[in-house]
Amino acid sequence: SPSASIAASALETPTSSASQSAAAAPSSTGLPDFAHVYLLVLENHEAGSIVGSASAPYINGLIAKYGVATNYTGVSHPSQPNYIALFSGSTQGIADDGVHTLSATNLVDQLEAKGKTWNVFAQDYPGGCYAGTTNSGSGDGVGAAGSYARKHDPAISFTDIASNPARCGRISSLVGFDPAAGNFELIVPNDCNDMHSCSIATGDAFLKTFVPRITGSPAFADSVLFITFDEGTSDIGGGGLVATVVVSPLTPAGFTSATAYNHYSILRTIEDAWGLGCLGKACSATDMGAFFK
């Protein structure tokens, strides 16, 4: 069973989000130069309720076909700090699900500095640089009806995105989802399809409908889809032990890793693969290069 005593460096404390590449931990050699990185975040389930669950046949099929990290944790509770951590290398001191405006450097800044493109596809987001807390919708034609939640969309909390029409215009609903639209694509299901307010089976059905839009696309070649959960129900690693599936044609079938990873590991993997430098706690995180050997 995974150790509850995850290394102290994986536990969240306030940190500067400035690039700290000089202090970076060693990275994996030979990380792929991914064509696309897709990050899809689900909600609020410990790994034990997902992996092997009869309610989640599709996600378990992905685990069997691709790879899974068996010792991967969220970094905090409640939801929002985990999304901010994935997007900026720090929780930025946030410890709630309230409305925050942040001036910190974030992944978008890194991507654009390297000429990489990005999109956020947030289900039932109304568009127009909407900065409200929630928006009810029909599900954008994918899965169940539900609500967009700002707390699950980290991009809109950063002022250099929210105040820039060209940038916040890259946040859209799932209606126009295109797996070739950006080098990096963050996918945020609504609060029903992400398993927050609806069942595991409902979220699994959403994945069964949606994920083939990625895996069946020519854009999936030389690419990776990370499916993770923001937090679990325990405090292991700060945010609970969560199922994190690595879906890529570059991953050996059925690959598992018991290495201690957390949300900063996904960020570090993206940063290393594309030579972006590193932000905050991603600098000391272990990247997930083991899945691509």
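Residue His263 is tested with Asn82, Ile84, Val41, Thr91 for a side-chain contact (heavy atoms from CB on, under 4.5 Å); the sole match is Asn82. Just one of Asp153, Thr134, Asn135, Asn190 meets the side-chain hydrogen bond (donor to acceptor under 3.5 Å, both in side chains) condition when paired with Tyr148; it is Asp153. Among the candidates Val246, Asn71, Ile63, Val68, the single residue satisfying the side-chain contact (heavy atoms from CB on, under 4.5 Å) test with Thr256 is Val68. Leu250 pairs with exactly one of Val224, Asp222, Leu31 by the side-chain contact (heavy atoms from CB on, under 4.5 Å) rule, that one being Asp222.
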Exercise for review: Go through the steps for Ile156 and Ile161 under the test side chain to side chain contact (heavy atoms under 4.5 Å, CB included), then give the verdict.
Suggested key: CA-CA 6 Å; Ile156 202 66; Ile161 298 172; 5.5 Å; no
Review point. Run the side chain to side chain donor-acceptor pair (under 3.5 Å) check on Ser79 and Glu231 step by step: do they pass?
Key: CA-CA 7 Å; Ser79 293; Glu231 60 177 329; 3.2 Å; yes
Exercise for review: In sequence, state the C-alpha distance, the side-chain angles, and the governing distance for Leu207 and Leu40, and then conclude on side chain to side chain contact (heavy atoms under 4.5 Å, CB included).
Suggested key: CA-CA 10 Å; Leu207 294 175; Leu40 192 157; 3.9 Å; yes
Check your understanding: Do Phe229 and His45 pass the side chain to side chain contact (heavy atoms under 4.5 Å, CB included) test, and can you show the C-alpha distance, the side-chain angles, and the key distance before you say yes or no?
Key -> CA-CA 7 Å; Phe229 288 74; His45 285 284; 4.0 Å; yes
Review point. Given the rule in the side chain to side chain contact (heavy atoms under 4.5 Å, CB included) test, do Met288 and Tyr72 qualify, once you have shown the distances and angles that lead to the verdict?
Key: CA-CA 11 Å; Met288 301 179 75; Tyr72 183 109; 4.2 Å; yes
Check your understanding: Can His77 and Asp235 be said to form a side chain to side chain donor-acceptor pair (under 3.5 Å), step by step?
Key -> CA-CA 8 Å; His77 296 298; Asp235 291 325; 3.0 Å; yes
Review point. So Ser147 and Ser136, side chain to side chain donor-acceptor pair (under 3.5 Å) or not? Walk me through it.
Key: CA-CA 4 Å; Ser147 293; Ser136 296; 3.2 Å; yes
Exercise for review: Verify side chain to side chain donor-acceptor pair (under 3.5 Å) between Glu112 and Trp118, making sure each step is shown before the conclusion.
Suggested key: CA-CA 8 Å; Glu112 291 188 356; Trp118 63 277; 2.9 Å; yes
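Atom OH in Tyr66 sits 8.0 Å away from atom OG in Ser248 (nearest 0.5 Å). Atom CE of Met195 sits about 10.5 Å away from atom SG of Cys198, to the nearest 0.5 Å. Atom OG1 of Thr73 is separated from atom OH of Tyr264 by 10.0 Å, given to the nearest 0.5 angstrom.
Of all heavy-atom pairs spanning Tyr83 and Lys151, the tightest one is CD1-O, 3.8 Å. Heavy atoms only, all atoms of each residue included: Ser138 and Asp124 are closest at N-OD1, 3.3 Å. Of all heavy-atom pairs spanning Cys129 and Gly169, the tightest one is SG-N, 3.8 Å. For Ala243 against Val51, the heavy-atom pair with the smallest separation is CB-CG2, 3.9 Å. Of all non-hydrogen atoms in Gly67 and Phe291, the two that sit nearest each other are C-CE2, 4.0 Å. Shortest non-hydrogen contact noted between Glu46 and Thr233 is OE1-N, 2.7 Å.
In this structure, Asp204 contributes its side chain and Ile200 its backbone to no donor-acceptor pair below 3.5 Å. With Thr70 contributing its side chain and Ser257 its backbone, the two residues share a donor-acceptor pair below 3.5 Å. Formation of a donor-acceptor pair under 3.5 Å by the Thr209 side chain with backbone atoms of Ala205 is found in this model. Between the Ser163 side chain and the Thr159 main chain, a donor and an acceptor come within less than 3.5 Å of each other. Glu43 places no side-chain N or O within 3.5 Å of a backbone atom of Asp194 that could act as its donor or acceptor partner. A donor-acceptor pair is defined here as one N or O able to donate and one able to accept, closer than 3.5 Å; no such pair exists between the side chain of Ser88 and the backbone of Ala85. Panel note: side chain Thr251, backbone Pro249; no donor-acceptor pair is recorded below 3.5 Å. Under a 3.5 Å cut-off, the side chain of Glu271 and the backbone N or O of Leu279 do form a donor-acceptor pair. Judged by distance alone, the side chain of Lys114 and the main-chain N or O of Trp274 form no donor-acceptor pair under 3.5 Å.
Using a 4.5 Å heavy-atom threshold, the side chains of Ile94 and Leu102 count as touching. Put simply, the side chain of Val247 reaches to within 4.5 Å of the side chain of Thr215, judged on heavy atoms. Inter-residue side-chain proximity for Thr133 and Val99 is flagged as met; some heavy-atom pair is nearer than 4.5 Å.
Taking the six-membered ring for Trp and the full ring otherwise, the centers of Phe220 and His36 sit at least 6.0 Å from each other.
Taking a cutoff of 4.0 Å between a charged side-chain nitrogen and a carboxylate oxygen, Asp272 and Arg268 qualify as a salt bridge.
Using cut-offs of 30° and 60° for the angle between ring planes, the Phe34 and Phe292 rings count as perpendicular.
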Which atom pairs, donor and acceptor, lie under 3.5 Å between side-chain atoms of residues 174-188 and protein residues at least two apart or in another chain?
| from | atom 1 | to | atom 2 | distance (Å) |
| --- | --- | --- | --- | --- |
| Asp178 | OD1 | Ala180 | N | 2.8 |
| Asn183 | OD1 | Thr117 | N | 2.8 |
| Asn183 | OD1 | Thr117 | OG1 | 3.1 |
| Asn183 | ND2 | Ala35 | O | 3.3 |
| Glu185 | OE2 | Ala181 | N | 3.1 |
| Glu185 | OE2 | Gly182 | N | 2.9 |

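Residues satisfying the side-chain hydrogen bond (donor to acceptor under 3.5 Å, both in side chains) criterion with Asp160, sequence neighbours excluded, are Asn106, Arg167.
Between the side chains of His100 and Gln92, no donor-acceptor pair of N or O atoms lies under 3.5 Å.
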